[in-house]
Amino acid sequence: MIKSSNKSGNGFEWQTWLVIVAVYACWAMLILNYQALPSVAANVALVLVTSWFMSIQHELLHGHPTRSKWFNRLLGLPPLSVWYPYDIYRDSHLAHHRDELLTTPGIDPECNYVQAQDYPQLSAVQRATHWSLRTVFGRFLVGPGVTIVEVWADIFTGPRQRGMVAVRSWALHLGLLVLLLWWVQVQSGITPLHYAFGIAYPALGLAMLRSFYEHRPAALPAHRIAINDAAWPWRLLYLNNNYHSVHHAYPGLAWYRIPAVWRAQRVEFLHGNGNFYTPGYTQLIWNHAFKPVDSPIHPGFDDGKRAANGP
């Protein structure tokens with residue numbers, strides 16, 4: 001039987017530090033040498049590194065590479081990925097780690113399903129958008145735009161809901177973002193619009209490809225969490241978060257420890273998650289580039305509502 005653990009391991013996490021240094025060093029090198037590099041290659045490399053940075057932010061909010069929340073936060077605050085303030089991403093993602101509520105519309109912050117009773121009220125454009133998000137290309141091309149609108153709406157709704165905490169988070173993020181975009185343009189000639197929509201937008205789309213089908217509606221919460229047995233370049237980019245059932249079972253487990261746990265408990269994980277398994281992203285892309293992987297209409301389960309409302 002798989003039991004959750006929040007232990008992150010002991011000692012100096014040199015593997016995580018190595019990735020952090022690599023991400024920041026590669027990003028800085030690409031910005032400083034952008035004009036001397038082939039423009040297409042440099043842009044693609046920046047997209048990859050910026051997406052990699054988002055995987056690092058995920059590790060930081062889960063307590064790596066140090067046990068200090070404020071220090072990890074400091075490492076994740078630079079707005080290389082533009083669209084997601086670290087504080088908002090941290091709070092939203094940690095709220096997502098309530099397995100009994102996964103995929104429940106309006107409750108799970110990372111849910112992209114819609115309640116059956118709400119679907120008829122949607123406009124034709126909204127319905128088309130929801131269906132497109134169930135395809136790989138829709139997730140990559142349209143998904144970031146939908147997410148950006150939802151996240152940045154918090155500029156207006158956040159202060160009413162969370163008060164000065166939201167105001168401080170957005171003020172810090174926007175201030176750092178202005179400084180970063182100014183520095184990037186001075187050093188590389190990349191305009192703010194180019195960086196935001198030509199680099200950070202596709203980087204977010206690439207990051208969202210990881211979560212394309214990592215959750216599904218199911219009566220049992222454990223059956224809602226996928227295993228994607230991806231090839232090593234994907235695993236490195238996503239820091240093994242493709243083994244998503246392992247991550248949810250052991251949310252405090254460092255990324256470099258996840259594969260060993262998966263190999264040791266493969267049978268248990270596949271039995272526990274109802275064999276919710278994909279043998280890599282290539283198959284997902286091939287089968288669902290334009291074909292929806294499932295319906296955006298949530299079938300509805302009472303357990304999520306009970307968990308949200310209490311006994």
*Using salt bridge (Lys or Arg N to Asp or Glu O under 4.0 Å) as the criterion, list what pairs up with Arg235, not counting sequence neighbours.*
none

*Quick check: does any side chain N or O of Asp99 sit under 3.5 Å from a backbone N or O of Ala222, one acting as donor and the other as acceptor?*
no

*Heavy-atom distance under 4.5 Å between the side chains of Tyr250 and Ile258, does that happen here?*
no

*Please identify each residue that fulfils side chain to side chain donor-acceptor pair (under 3.5 Å) with Asp91, with sequence neighbours left out.*
none

_Backbone N/O of Gln126 and side chain of Ser123: donor-acceptor pair under 3.5 Å_ = yes

*Which heavy atom in Asp87 sits nearest to a heavy atom in Ser169, and how many Å separate them?*
OD2-OG, 3.4 Å

*Are Phe212 and Phe140 an aromatic pair by the rule of ring centers under 6.0 Å?*
no

Considering only distance and modelled atom types, tabulate donor-acceptor pairs under 3.5 Å from the side chains of residues 46-56, sequence neighbours left out.
residue: Thr50; atom: OG1; partner: Leu46; partner atom: O; Å: 2.7
residue: Ser51; atom: OG; partner: Ala203; partner atom: O; Å: 3.3
residue: Ser51; atom: OG; partner: Ala207; partner atom: N; Å: 3.4
residue: Trp52; atom: NE1; partner: Leu236; partner atom: O; Å: 3.0
residue: Ser55; atom: OG; partner: Leu237; partner atom: O; Å: 2.7

*Which heavy-atom pair separates Ser92 from Pro109 by the least distance, and what is that distance?*
OG-CB, 3.3 Å

_Trp234: side chain to side chain donor-acceptor pair (under 3.5 Å) partners, not counting sequence neighbours_ = none

_I need the minimum non-hydrogen distance between Leu60 and Tyr86, along with the two atoms involved._
C-OH, 3.6 Å

*Looking only at atom types and distance, does a side-chain atom of Tyr201 sit under 3.5 Å from a main-chain N or O of Leu141, one as donor and one as acceptor?*
yes

*Asp108 with Arg224: basic N within carboxylate O range, under 4.0 Å*: no

*Would Val82 and Phe197 count as a side chain to side chain contact (heavy atoms under 4.5 Å, CB included) if you check the C-alpha gap in whole Å, the side-chain angles of each, and the deciding distance to 0.1 Å?*
CA-CA 10 Å; Val82 174; Phe197 292 99; over 6 Å; no

*Using the ring of each side chain (for Trp, its six-membered ring), is Phe137 parallel, tilted or perpendicular to Phe290, with breaks at 30° and 60°?*
parallel

*Not counting sequence neighbours, which residues clear side chain to side chain contact (heavy atoms under 4.5 Å, CB included) with Gln35? List them please.*
none

*Could you point out which residue of Val149, Thr147, Ile148 forms a side-chain contact (heavy atoms from CB on, under 4.5 Å) with Val151?*
Thr147

*Calculate, to the nearest 0.5 Å, the distance between atoms CG and NE2 belonging to Leu61 and His97 respectively.*
7.5 Å

*Can you list the residues that meet the ring-ring contact (aromatic ring centres under 6.0 Å, His included) rule with His58, with sequence neighbours excluded?*
His62, His93, His247

*Enter the distance from Asn242:CG to Thr278:OG1 here, rounded to the nearest 0.5 Å.*
10.5 Å

*Can you find a pair of side-chain heavy atoms, one from Met164 and one from Val167, that are under 4.5 Å apart?*
yes

*Short question: side chain of Thr104, backbone of Ile107 - any donor-acceptor pair under 3.5 Å?*
no

I'd like a table of donor-acceptor pairs (distance under 3.5 Å, sequence neighbours excluded) in which one partner is a side-chain atom from residues 183-193, with atom names and distances.
residue: Ser188; atom: OG; partner: Val184; partner atom: O; Å: 2.6
residue: Ser188; atom: OG; partner: Ile190; partner atom: N; Å: 3.1
residue: Thr191; atom: OG1; partner: His194; partner atom: N; Å: 3.1

_Derivation of the side chain to side chain contact (heavy atoms under 4.5 Å, CB included) call for Thr16 and Trp255_ = CA-CA 8 Å; Thr16 307; Trp255 67 276; 3.0 Å; yes

*side chain to side chain donor-acceptor pair (under 3.5 Å) with Gln283: which residues, sequence neighbours excluded?*
none

*asked:* Please enumerate all residues that pass side chain to side chain donor-acceptor pair (under 3.5 Å) together with Asn240, with sequence neighbours excluded.
replied: none

*Reported CD-to-CG distance for the pair Gln15 and Leu239, which is rounded to 0.5 angstrom*: 11.5 Å

*Taking the hydrophobic residues Ile, Leu, Val, Met, Phe, Trp and Tyr, and joining any pair whose side-chain heavy atoms are under 4.5 Å apart, which ones share a cluster with Val114?*
Tyr119, Leu122, Trp131, Ile297

*To the nearest 0.5 Å, tell me how far Asp154 CG sits from Arg160 CZ.*
10.0 Å

*asked:* Would you compute the distance between atom OG of Ser245 and atom CG of Leu270 and round it to the nearest 0.5 angstrom?
replied: 8.0 Å

*Tell me whether Leu77 is reachable from Val165 by hopping between hydrophobic residues (I, L, V, M, F, W, Y) whose side-chain heavy atoms are closer than 4.5 Å.*
no

*Backbone N or O of Leu75 within a donor-acceptor pair of the Tyr24 side chain at under 3.5 Å?*
yes

*Quick one: does Tyr238's side chain have a donor or acceptor within less than 3.5 Å of a partner on Tyr243's backbone?*
no

_Donor-acceptor contact below 3.5 Å, side chain Asn228 vs main chain Gly280_ = yes

*Measure from NZ or CZ of Arg210 to the centre of the six-membered ring of Tyr281, then state whether that distance is under 6.0 Å and the direction lies within 45° of the axis.*
no

_Backbone N/O of Met208 and side chain of Arg139: donor-acceptor pair under 3.5 Å_ = yes

*Share the residues that join Val178 in a hydrophobic cluster, the rule being Ile, Leu, Val, Met, Phe, Trp or Tyr side chains under 4.5 Å apart at the heavy-atom level.*
none

_Run Ile227 and Val246 through side chain to side chain contact (heavy atoms under 4.5 Å, CB included) and show every step you take._
CA-CA 8 Å; Ile227 288 288; Val246 181; 4.0 Å; yes

*Linking Ile, Leu, Val, Met, Phe, Trp and Tyr by side-chain heavy atoms under 4.5 Å, what else ends up with Leu102?*
Ile225

*Do you know which two heavy atoms are closest between Phe269 and Ala249, and how far apart they sit?*
CE2-CB, 3.8 Å

*Can you name the closest pair of heavy atoms from Glu13 and Pro65 and give their distance?*
OE1-CA, 3.6 Å

*Is there a donor-acceptor pair under 3.5 Å between the side chain of Arg216 and the backbone N or O of His223?*
yes

*Measure across Thr103 and His215 and return the closest heavy-atom pair with its distance rounded to 0.1 Å.*
CG2-CB, 3.8 Å

*So does Tyr277 have more than 12 non-hydrogen atoms from other groups sitting under 6.0 Å from OH?*
yes

*asked:* Working note: Arg134 + Tyr113, criterion side-chain hydrogen bond (donor to acceptor under 3.5 Å, both in side chains); need CA distance, chi angles, decisive distance, verdict.
replied: CA-CA 9 Å; Arg134 309 312 299 159; Tyr113 293 94; 2.9 Å; yes

*When rounded to the nearest 0.5 angstrom, what distance separates CD1 in Ile20 from CG in Leu18?*
9.5 Å

*His64 side chain to Gly252 backbone, donor-acceptor under 3.5 Å*: yes

